[in-house]
Amino acid sequence: MSFLFSSRSSKTFKPKKNIPEGSHQYELLKHAEATLGSGNLRQAVMLPEGEDLNEWIAVNKFCTEASCPVMSAGPRYEYHWADGTNIKKPIKCSAPKYIDYLMTWVQDQLDDETLFPSKIGVPFPKNFMSVAKTILKRLFRVYAHIYHQHFDSVMQLQEEAHLNTSFKHFIFFVQEFNLIDRRELAPLQELIEKLGSKDR
């Protein structure tokens with residue numbers, strides 16, 4: 001899948017430098033990688049004995065305000081945040097901030113009984129499909145950001161199979177019911193076609 005993730009340069013895209021081999025942070029990352037490969041996720045997240053908590057958290061976090069000052073999917077696609085209520089005019093923000101806004105907003109939608117009724121027999125509102133499509137469109141942007149900006153980190157952790165399986169399930173679902181406009185899928189179109197061709 002490296003066809004999608006070649007180095008692309010632009011004034012707004014500066015990939016985070018790899019952690020230098022031999023450094024302490026590199027050794028911590030290798031520890032994380034080894035324990036993730038074991039299949040024991042509880043063990044994978046535990047602080048290694050004698051290590052500094054702050055440093056451990058830092059090497060396990062690769063999408064930061066510094067590394068991702070804009071929410072983007074490569075140099076051609078940038079996303080601005082607006083929820084229509086608290087933030088009406090779209091704002092440019094970092095990827096972590098965008099994702100934080102997004103997840104909070106999605107949770108608010110899911111908790112809204114008028115949108116997602118939990119009681120049997122209570123009908124869904126007329127605008128349900130529109131809201132569901134907006135939720136899925138925005139969640140797709142997180143996948144687009146991860147694939148374009150952080151796929152190297154995902155591969156370092158040997159987690160690309162999990163990411164691909166999760167994304168494949170997501171994309172097959174939205175395609176089955178035509179829930180995301182084709183133009184919105186453009187940042188990952190090559191990958192979507194590649195994943196789809198394996199199931200024909």
Check your understanding: How far does CG of Leu195 sit from CZ of Phe172, to the nearest 0.5 angstrom?
Key -> 6.5 Å
Practice item. Without swapping roles, check the side chain of His148 against the backbone of Pro187 for a donor-acceptor pair under 3.5 Å. Key: yes
Review point. Can you name the ring pair (Phe, Tyr, Trp, His ring centres under 6.0 Å) partners of Tyr143, sequence neighbours left out?
Key: Phe167, Phe170
Exercise for review: Output all residues satisfying side-chain hydrogen bond (donor to acceptor under 3.5 Å, both in side chains) with His80, sequence neighbours left out; order by chain, then residue number.
Suggested key: Glu78
Check your understanding: Taking atom CG of Leu191 and atom NZ of Lys168, what is their separation to the nearest 0.5 Å?
Key -> 10.0 Å
Practice item. Determine the minimum heavy-atom distance between Ser67 and Phe62, stating which atoms define it. Key: OG-O, 3.3 Å
Practice item. Applying ring pair (Phe, Tyr, Trp, His ring centres under 6.0 Å), name anything that partners Phe140, two or more places apart in sequence or on another chain. Key: none
Check your understanding: For Ile87, what residues pass the side-chain contact (heavy atoms from CB on, under 4.5 Å) criterion, not counting sequence neighbours?
Key -> Trp81, Asp83, Ile91, Tyr101
Review point. Do side-chain atoms of Ser166 reach the backbone of His162 as a donor and acceptor pair under 3.5 angstrom?
Key: no
Check your understanding: In Å, rounded to the nearest 0.5 Å, how long is the span from CD of Glu190 to CG of Leu188?
Key -> 9.5 Å
Exercise for review: Might you point out which heavy atoms bring Leu136 and Ile180 nearest each other, and give the distance in Å?
Suggested key: O-CD1, 3.5 Å
All N/O donor-acceptor pairs, side-chain side in residues 120-135, below 3.5 Å, sequence neighbours left out:
residue	atom	partner	partner atom	Å
Thr134	OG1	Ser130	O	3.0

Review point. Asp100: what forms a side-chain contact (heavy atoms from CB on, under 4.5 Å) with it, not counting sequence neighbours?
Key: Lys97, Thr104
Exercise for review: If a pair satisfies salt bridge (charged side-chain N to carboxylate O under 4.0 Å, His left out) and one of its residues is in residues 138-147, list it, with sequence neighbours excluded.
Suggested key: Arg141-Glu184
Exercise for review: Answer yes or no: is there a side-chain heavy-atom contact under 4.5 Å between Asn86 and Trp105?
Suggested key: no
**Study point:** Contacts of Asp181 that satisfy side-chain hydrogen bond (donor to acceptor under 3.5 Å, both in side chains) - sequence neighbours left out
**Key:** Arg183
Revision key, fill the gap. Ser94 meets the side-chain hydrogen bond (donor to acceptor under 3.5 Å, both in side chains) criterion, sequence neighbours left out, with Glu65
Point to revise | Contact summary for Ala82 and Lys89, nearest pair of heavy atoms | key: CB-C, 4.2 Å
Check your understanding: Could you give the distance from CD (Glu160) to OG1 (Thr165), rounded to the nearest 0.5 Å?
Key -> 10.5 Å
Study note, to complete from the structure: Contacts of Gln109 meeting side-chain hydrogen bond (donor to acceptor under 3.5 Å, both in side chains) (sequence neighbours excluded), chain-then-number -> none
Exercise for review: Can you tell me which residue pairs pass the salt bridge (charged side-chain N to carboxylate O under 4.0 Å, His left out) test with a partner in residues 110-123, sequence neighbours excluded?
Suggested key: none
Exercise for review: Give, for atom CD1 of Ile171 and atom CG of Asn164, the distance between the pair rounded to the nearest 0.5 Å.
Suggested key: 12.0 Å
Point to revise | Gap between atom SG of Cys63 and atom NE2 of His150 - 0.5 Å precision | key: 3.5 Å
Check your understanding: Sub-3.5 Å donor-acceptor pair from the side chain of His145 to the main-chain atoms of Ala73, do we have one?
Key -> no
Check your understanding: Mind checking whether Glu193 and Gln189 have side chains closer than 4.5 Å, heavy atoms only?
Key -> yes
